[in-house]
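These notes are about the structure you will find just below.
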Number of protein chains: 2
Amino acid sequence: MNHQVFNELDLTSLLSLSFSALIDELHDRLRELGFGDIRPAHGFMFKCITPNGATGIELAEYLGITKQAVSKMVDYLEKSGYVVRQTHPTDKRGKIIVLTERGWLVVKAKEKILTEIEGGWSKNIGTERMQMLKEDLSKLVFEENTGKLSSRLRPVW
Amino acid sequence: MNHQVFNELDLTSLLSLSFSALIDELHDRLRELGFGDIRPAHGFMFKCITPNGATGIELAEYLGITKQAVSKMVDYLEKSGYVVRQTHPTDKRGKIIVLTERGWLVVKAKEKILTEIEGGWSKNIGTERMQMLKEDLSKLVFEENTGKLSSRLRPVW
DNA sequence: ACTTTGTAGTCAATCAAGTTGACTATTTTA
DNA sequence: TAAAATAGTCAACTTGATTGACTACAAAGT
């Protein structure tokens, strides 16, 4: 495969491919560390659970998905040993989802791996350009959502 | 919602959010034009079908998914009037999938919309920075895949 | 020539991540 | 304190994918 094909990629494909390259590498490396049962969809949920736990409703709002979808994901993560449901201290209807020890391990591993990947990318394009890239993407994400900051904001990891 | 939250987003979230912002806006506008039955997953398939059609196997390799998944997508797009299966001229096993008139309409609409969105983004961050952003993302996508250019390359649209 | 092997596509069953709607158990409010 | 709102679960469905089994045709090897 030669370089030429990549020069012809449009912005949409570039964003799609760079994102999936990042996620794929992350999950390859998590699998090597024994976290093969963690899938891309679970990533952003951990971000909301740390550090103090979260209720299902909070997770649903944060991820922009329904509470039912959250409930099923939590079923899976609880079964896999990453989180546990605790009874809510003041509201007997609610539960708070918190990380187990294994949950903390995968979150720490994820942070380390992402730092390494971003470091590699910075070495490739230069730290100044990486800084610019993040600034510009921040502007685009912000601009795109002024006035309609909705359920659509669903980052992963 | 204030700007602060976006300044704290990491690279992964930035790529995810910018990509989904782009795709969401594209599909909102396609829906307004009466192409509400086109979904994000269909996008990259059109890219491979144009301009001369493609076989199911070619599409599967291009998209990095199975031929069965392609077959089901083609079922849907044929039912919706965007493509047709033609008998292959030389190989009676094969079929070539080509765009209908409606298929061409949606491809043209897509190109126009993406150009407009990218134009808006360029106005936001500046054309030079947009050029840099595309260069840098190209480098990352290319670097990430040297030696392991695999089924993982699945852009959308 | 014709049998073996390979290839293009479809059918069926399943999975993963999401949806909507109905329901229970609580909490809040009027 | 009765009525309305909220947190969570259950069940059925959708979408985009998978693997495995199968048919029809093509290409190669004796």
Side-chain angles (χ1 to χ4, degrees), chain A residues 16 20 23-24 27 36-46 48-49 53-80 83-98 150-157, chain B residues 16 20 23-24 27 36-46 48-49 53-80 83-98 150-157:
Chain A
S16 170
S20 57
I23 290 297
D24 286 345
H27 284 273
D37 47 1
I38 291 295
R39 290 188 293 267
H42 306 130
F44 199 52
M45 180 171 271
F46 283 119
C48 187
I49 294 174
T55 68
I57 294 286
E58 282 166 356
L59 288 171
E61 276 167 12
Y62 189 65
L63 277 78
I65 59 177
T66 60
K67 57 184 181 169
Q68 294 93 325
V70 167
S71 188
K72 285 202 284 186
M73 264 207 279
V74 172
D75 284 348
Y76 176 85
L77 290 174
E78 191 166 38
K79 198 185 63 189
S80 310
V83 304
V84 284
R85 287 169 165 102
Q86 294 183 343
T87 54
H88 195 284
T90 62
D91 187 340
K92 277 180 211 156
R93 292 169 306 178
K95 299 174 185 177
I96 39 175
I97 294 114
V98 296
S150 70
S151 68
R152 295 236 164 94
L153 283 175
R154 263 172 282 177
V156 176
W157 277 110
Chain B
S16 170
S20 57
I23 289 297
D24 286 344
H27 284 273
D37 48 1
I38 291 294
R39 291 189 293 266
H42 305 131
F44 198 51
M45 180 172 273
F46 283 120
C48 186
I49 294 173
T55 67
I57 294 286
E58 282 165 356
L59 288 171
E61 276 166 14
Y62 190 65
L63 276 79
I65 59 176
T66 60
K67 57 184 181 170
Q68 294 93 325
V70 167
S71 188
K72 286 203 284 188
M73 265 207 278
V74 172
D75 285 348
Y76 177 85
L77 290 174
E78 191 166 38
K79 198 184 65 190
S80 309
V83 304
V84 284
R85 286 169 166 105
Q86 294 184 342
T87 54
H88 195 283
T90 61
D91 187 339
K92 277 178 211 158
R93 292 169 306 177
K95 298 174 184 175
I96 39 178
I97 293 115
V98 296
S150 72
S151 66
R152 295 237 164 92
L153 284 176
R154 265 172 281 176
V156 177
W157 279 111

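All chains are named by letter (A, B, ...) in the order of the sequence lines, taking the proteins before the strands, and each is independently numbered beginning at 1.
Residues Lys72(B) and Thr66(B) fail the side-chain proximity criterion, which asks for heavy atoms closer than 4.5 Å. In this structure, Glu78(A) and Ile97(A) have side chains that are not in contact, with every pair of non-hydrogen atoms separated by 4.5 Å or more. Between Met73(B) and Leu59(B) the shortest side-chain heavy-atom distance does not fall below 4.5 Å. Counting heavy atoms from C-beta outward, Thr55(A) and Glu61(A) have side chains that stay 4.5 Å or more apart. The shortest distance between side-chain heavy atoms of Arg85(A) and Val83(A) does not fall below 4.5 Å. Taking the side chain as every heavy atom from C-beta outward, Ile96(A) and Pro89(A) approach each other to under 4.5 Å.
At distances below 3.5 Å, at least one donor-acceptor pair connects side-chain atoms of Tyr76(B) with backbone N or O atoms of Asp37(B).
No hydrogens or angles were tested; on distance alone, nothing pairs the side chain of Arg93(A) with the base of dT27(C) as donor and acceptor under 3.5 Å. With hydrogens and angles left out, the side chain of Lys95(B) and the base of dG9(C) share no donor-acceptor pair within 3.5 Å.
Across every non-hydrogen atom of Glu58(A) and Cys48(A), the tightest pair is O-SG, 4.4 Å.
Summarising the geometry, the separation between CD1 on Ile57(A) and P on dG8(D) is reported as 6 Å, rounded to the nearest angstrom. Atom CG of Asp91(B) and atom C1' of dT23(D) are 14 Å apart (whole Å). Rounded to an integer number of Å, the gap from CG of Leu59(B) to P of dG16(D) is 15 Å. The distance between atom CG of Leu63(A) and atom P of dG18(C), rounded to the nearest whole Å, is 8 Å. Per the geometry, CD1 belonging to Ile23(B) stands 15 Å off C1' belonging to dG16(D), to the nearest Å. For Ile38(B) and dG16(D), the CD1 to P distance is 10 Å, given to the nearest whole Å. When rounded to the nearest whole Å, the span between CE of Met45(B) and P of dA17(D) equals 8 Å. Rounded to an integer number of Å, the gap from CD1 of Ile65(B) to C1' of dA8(C) is 16 Å.
Using a 4.0 Å heavy-atom distance criterion, Lys92(A) is classed as a sugar-phosphate-only contact.
Nearest-nucleotide mapping onto DNA chain C: of Met73(A) and Glu58(B), the residue sitting toward the 5' end is Glu58(B). Residue-to-nucleotide proximity on DNA chain C shows that, of Thr90(A) and Val70(A), the 5′-proximal contact is made by Val70(A).
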> For every nucleotide of nucleotides 11-16 of chain C, 5' to 3': is a protein heavy atom under 4.0 Å from its base (B), only from its sugar-phosphate (S), or from neither (-)?
Replying inline: B-B--S
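Closest to the side chain of His42(A), out of dT10(C), dT7(C), dA17(C), is dA17(C). Side chain of Lys67(A), nearest nucleotide from dG9(C), dT18(D), dT9(D): dT9(D).
In this structure, Thr66(B) does not reach the dA17(D) phosphate: none of its side-chain N or O atoms is under 4.0 Å from OP1 or OP2. OP1 or OP2 of dT9(D) sits under 4.0 Å from a side-chain N or O of Arg85(A). Not one side-chain nitrogen or oxygen of Thr55(B) sits closer than 4.0 Å to the OP1 or OP2 atom of dA8(C).
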